[in-house]
2 protein chains.
Amino acid sequence: MAGKSTESPVRLAAETWESLFRAQVAVMRKLQSGPAFRKLAVNEYDVLFTLSRCPSGWLRLNELNDNVLLSQSSLSRLVERLEKRGLIARMPAPEDGRGVLLKLTDEGRELQKEIGREHVRDISELMGPALTPAEQKELMRLTTKLRSSLGPRPPRQDPR
Amino acid sequence: MAGKSTESPVRLAAETWESLFRAQVAVMRKLQSGPAFRKLAVNEYDVLFTLSRCPSGWLRLNELNDNVLLSQSSLSRLVERLEKRGLIARMPAPEDGRGVLLKLTDEGRELQKEIGREHVRDISELMGPALTPAEQKELMRLTTKLRSSLGPRPPRQDPR
DNA sequence: CCAATTTAGATGCATTTGCATCTACCGCAA
DNA sequence: TTGCGGTAGATGCAAATGCATCTAAATTGG
């Protein structure tokens, strides 16, 4: 019985979060320094990626904002940049005069795929040696469960 | 046997990483918007926290940089700000004329503890309802293992 | 229906960040 | 010793970010 036997639930939660956070930092640092993100910052790629997964093709700006760790104003300007680069297109939302809908342009879709291929390869080169497939599945299950419990906005299910 | 049975290892790794990443984003968003971080940004708190865990009390700037998702120059300036606010102190490294050692001031330690208490409470309010203690332990194990496998720099073990 | 409140997104402005570069120092090798 | 590549941090500068605020449109309450 070592020193950790009197671990409180609060402490356990804090250490778990720290471990999750540090792992994310370590992986992200490796990913973003790779050659995949020469043309586009990670946040920018993430927007293209999210749009590419959207079944209708169109996504509201505010929904996008749930996915990304950026303030509303920063996302607004990031999207503005992507539009200027011809990677996404905007359209006023038909049912809500305040809203804006976004979708990938052909060029944006192309770039997303190109970066995505390399990105996925990088990821699997980091995760593969680190965790067995069963462990990866379990990690996915736990993080998905964690995210689901945080609502109120449920992690928008996205039937391919 | 549902449609995912033909999942490739590469795809599994990518989906696992995405799940981990989104969970981190979702939790972090809640944490950083809370009242705990009114006085200090999360990154700044994180530096104080890391210093507070350092057994010797002193830590090299470049070691700190492994922990945080910031470029070297950004961390350099962040530290400069913290020093200006009287929260940390610098000292030239005794054995390496290029290096800088950092430690908390009393005021910095005080503020870290104050924010830390609230922060830990917030974390456990998010994690507690989401995952059982056993699940949290497993999540911690998996993320620790992931991080350990990324080396070369091993996650500096820190015997309290 | 109208006024008041709320929500979506854009924008001014100060702060923070990253890239490139610079300086100083270390370690190594001739 | 001297010179040479490599590492630790600092700094100029442009770009990105966040806060506060603004406008416009939707929603709510009377």
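Computed from heavy atoms alone, side chains included, the values below leave out hydrogens, waters and symmetry copies.
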Selected nucleotide, minimal atom distance to Arg98(B) side chain, candidates dG6(D), dC13(D), dA8(C): dG6(D)
Distance, rounded to the nearest Å, where Asn43(A) contributes CG and dA15(D) contributes P: 18 Å
Residue met sooner reading DNA chain C from 5', once Gln32(A) and Val100(A) are mapped to nucleotides: Val100(A)
Whole-Å distance separating the CD atom of Glu80(B) from the C1' atom of dT17(C): 13 Å
Contact check, side chains of Lys103(A) and Leu59(A), non-hydrogen atoms, under 4.5 Å: no
Gap between atoms CE and P, on Met28(A) and dG18(C) respectively (whole Å): 12 Å
Ser76(A) side-chain N/O to dA10(C) phosphate OP1/OP2 under 4.0 Å: yes
Spacing of Arg81(B) atom CZ relative to dA10(D) atom P, expressed in whole Å: 13 Å
Separation of dT17(C) C1' from Arg29(A) CZ (nearest whole Å): 13 Å
Arg77(A) vs Asp96(A), nearer the 5' end of DNA chain C by closest nucleotide: Asp96(A)
Check: Thr105(A) side chain, Gly86(A) main-chain N or O, donor-acceptor pair, under 3.5 Å: yes
Any Leu102(A) side-chain heavy atom under 4.5 Å of Leu64(A) side chain: yes
With sequence neighbours excluded, residues passing salt bridge (charged side-chain N to carboxylate O under 4.0 Å, His left out) with Glu135(B): Arg141(A), Lys145(A)
Ser73(A) side chain near dA10(C) phosphate (N/O to OP1/OP2, under 4.0 Å): no
Tyr45(B) OH - dT16(C) C1' separation (whole Å): 21 Å
Between C1' of dT16(C) and CG of Leu78(B), the distance in whole Å: 9 Å
Polar side-chain contact Gln72(A)-dA8(C) base: donor and acceptor under 3.5 Å: no
Test item: Lys39(B) and Tyr45(B) side chains (from C-beta on) under 4.5 Å apart, heavy atoms: no
Short side-chain N/O contact to dA8(D) OP1/OP2 from Arg60(B), under 4.0 Å: no
Phosphate OP1/OP2 of dG18(D): any Ser71(A) side-chain N/O under 4.0 Å: yes
Angle between terminal axes - the helix from dC1(C)-dG30(D) to dA30(C)-dT1(D), 5 pairs each end, rounded to 10°: 30°
Length of the CG-P vector between Asp66(A) and dT7(C), whole Å: 14 Å
Any side-chain heavy-atom pair of Ser148(A) and Thr144(A) under 4.5 Å: yes
Nearest-nucleotide pick for Leu61(B), side chain only, options being dG9(C), dT17(D), dA10(D): dA10(D)
Phosphate OP1/OP2 of dA8(D) contacted by Asn65(B) side-chain N/O (<4.0 Å): no
NZ/NE/NH1/NH2 to OD/OE distance under 4.0 Å, Asp66(B) and Arg22(A): no
Close side-chain approach of Met127(A) to Leu12(B), heavy-atom, < 4.5 Å: no
Closest-nucleotide 5' rank along DNA chain D - winner of Leu101(B) and Leu75(A): Leu101(B)
Residue-phosphate contact under 4.0 Å: Asn62(A) side-chain N/O, dG9(C) OP1/OP2: yes
Most 5' of Glu44(A) and Val79(B) on DNA chain D, judged by nearest nucleotide: Val79(B)
Contact under 4.0 Å: Arg90(A) side-chain N or O vs dA10(C) OP1/OP2: yes
